[in-house]
Every structure is written in structure tokens, then in C-alpha cells.
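Everything numeric in this text was worked out from a predicted model, so none of it was measured. When reading the values below, keep in mind they use all heavy atoms of this one structure, side chains included, and skip hydrogens, waters and symmetry mates.
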Amino acid sequence: MSERILRLDKAGTPVEWLDWQMAATLYARGLVTWTLGEVIYRVRGGVCRDTGQRSSLSLHSIIACDGTPFSCRRTAPPLTNRALFRRDQHLCLYCGKPFAENALTRDHIVPTSRGGKDRWSNVVSACRRCNQRKGNRQLEEIDMELLALPYVPNMAEYLALINSHRIRGDQMAFLRNQFGKDSRHL
């Protein structure tokens with residue numbers, strides 16, 4: 001069992017990916033308020049001594065859980081190289097060539113040595129050659145241009161980026177409807 005379950009808050013906002021055990025716990029505790037997608041797991045429990053019935057749970061690919069919607073949401077999802085490289089579609093945003101994940105680097109448009117921050121809006125995927133060529137200079141100082149502007153993915157896009165190799169069609173359809181207007185993955 002390797003498929004992950006998409007957890008939403010009760011307002012339908014994507015929150016996280018769950019393994020089937022955590023999802024089963026939420027079902028058993030009565031915290032799942034509504035579901036979408038197909039049943040992807042059927043979990044069988046023990047036999048009730050009083051009724052002789054065997055317990056079972058049908059786990060859907062998308063579940064919404066009770067509780068208050070996250071009011072203290074992150075302003076931006078966590079920045080990781082894997083998510084960054086997937087946001088930029090494994091392209092060097094300077095030379096435009098595709099690269100494997102292990103051949104890409106994180107480049108700061110405004111270098112950290114010059115006050116640039118390690119934020120989604122200041123980083124792009126770059127091949128080692130282009131990153132070394134740029135060094136700690138700003139784009140205005142050298143003859144290099146960005147092929148695309150960086151952007152901050154929303155939580156729906158971030159969840160699609162970090163789980164893109166295992167995402168189901170119904171989950172992707174749900175998430176895609178919530179991607180931001182700047183997304184390159186529409």
C-alpha cells in the first residue's frame with residue numbers, strides 16, 4: 001500500500017498527504033466529515049463479540065477532516081530543492097536546458113551575500129554551469145536573463161509538486177482546480 005491520501009480541512013483547502021494508517025485513524029475517530037474520489041483502500045478490523053460482525057473501513061483518495069479550518073496558514077509552503085526543481089519543470093531557467101534533479105542547483109536571483117532571501121520569489125533552478133557563471137552577481141551586472149519569473153506556489157500546487165510521482169488522477173484534478181494564476185502546471 002503506497003498510495004497517499006489527500007487531506008483537506010473542512011472548507012476544502014488542501015492540508016497534507018497521509019499514509020493509509022493515519023487516514024484510518026481519522027476515520028475511526030470520526031473526524032472525516034466528507035470524502036471525494038475513489039475508495040483506494042479497504043481496511044478490515046476485528047470481529048465484534050456482541051454482533052459477530054467484522055469491522056471495516058473504506059478509505060477514499062481525498063478526505064476532509066473536521067475541526068476549525070487552519071486560520072494560521074503558512075504564507076508560503078516550505079522551500080525545498082525537490083519542490084523548486086519540480087516547480088521549474090527540471091529546467092535551468094538561464095540556459096533553458098532540462099536536467100536531472102541531481103544536476104540542478106538552487107540559484108538566488110539576488111545573492112544571499114547581497115541581502116537576498118532564501119524565498120520562493122528569489123530562487124530558481126539552475127544548472128551548475130550557469131550557477132557558477134552567475135556567481136554572486138545580480139543579473140543586471142552580467143549578460144544573463146531569466147527565462148521565467150519565479151513565483152510562490154500555493155498549498156495545492158505545493159502538494160502536487162512534492163507528491164507528483166505518486167498522485168492519482170482524481171487527486172490531481174482536485175488540486176489543479178486550486179492552483180494559482182501564476183502556476184506553470186495548469
task = Kindly indicate whether the side chain of L6, heavy atoms from C-beta on, has any atom under 4.5 Å from the side chain of N163.
result = no
Shortest non-hydrogen contact between D170 and S61, atoms and distance = OD2-OG, 2.6 Å
query = Mind checking whether R119 and V152 have side chains closer than 4.5 Å, heavy atoms only?
reply = no
ask   = Going by heavy atoms in the side chains, are Y94 and R133 under 4.5 Å from each other?
value = no
ask   = Does R129 use its side chain to pair, donor to acceptor, with the backbone of C95 at less than 3.5 Å?
value = no
query = Can you check side-chain contact (heavy atoms from CB on, under 4.5 Å) on I5 and E3, steps first, answer last?
reply = CA-CA 7 Å; I5 295 171; E3 288 187 281; over 6 Å; no
ask   = Can you check side-chain contact (heavy atoms from CB on, under 4.5 Å) on D118 and R106, steps first, answer last?
value = CA-CA 10 Å; D118 195 32; R106 181 188 303 191; 2.8 Å; yes
query = Does the pair R128 and F99 meet the rule for a side-chain contact (heavy atoms from CB on, under 4.5 Å), with working shown?
reply = CA-CA 10 Å; R128 295 184 196 288; F99 289 91; over 6 Å; no
inquiry  = Using side-chain heavy atoms (C-beta onward) and a distance below 4.5 Å, is R87 in contact with P150?
reply    = yes
Heavy-atom closest pair, residues M155 and V15 = CE-O, 3.5 Å
request  = Give me the ring orientation class for W20 and Y41: parallel if the planes are under 30° apart, tilted from 30 to 60°, perpendicular past 60°.
outcome  = tilted
key: Spatial distance of atom CD1 (I63) from atom CH2 (W34) [nearest 0.5 Å]   = 10.5 Å
message = Could you see if L84 belongs to whatever hydrophobic cluster contains V110? Use Ile, Leu, Val, Met, Phe, Trp, Tyr and a side-chain cutoff under 4.5 Å.
response = no
query = Side-chain contact, heavy-atom cut-off 4.5 Å: P14 with Y158?
reply = no
ask   = Side chain of D19, backbone of M22: donor and acceptor closer than 3.5 Å?
value = yes
key: Reported SG-to-CG distance for the pair C92 and L147, which is rounded to 0.5 angstrom   = 7.5 Å
Least distance between heavy atoms, L104 atom then C127 atom = CD2-N, 4.1 Å
inquiry  = Just verifying a value: how many Å separate D9 CG and E16 CD, rounded to the nearest 0.5 Å?
reply    = 11.0 Å
key: Heavy-atom pair with the smallest gap, counting every atom of N136 and R114   = O-NE, 3.4 Å
request  = Search all heavy atoms of R137 against all heavy atoms of E141 and return the closest pair with its distance.
outcome  = CB-OE1, 3.3 Å
task = Looking only at non-hydrogen atoms, find the nearest pair between M144 and C130 and report the distance.
result = CE-O, 3.7 Å
query = Can you check side-chain contact (heavy atoms from CB on, under 4.5 Å) on C65 and R7, steps first, answer last?
reply = CA-CA 7 Å; C65 295; R7 178 180 173 206; 3.6 Å; yes
key: Heavy-atom check, side chain of F174 versus side chain of R168, under 4.5 Å   = no
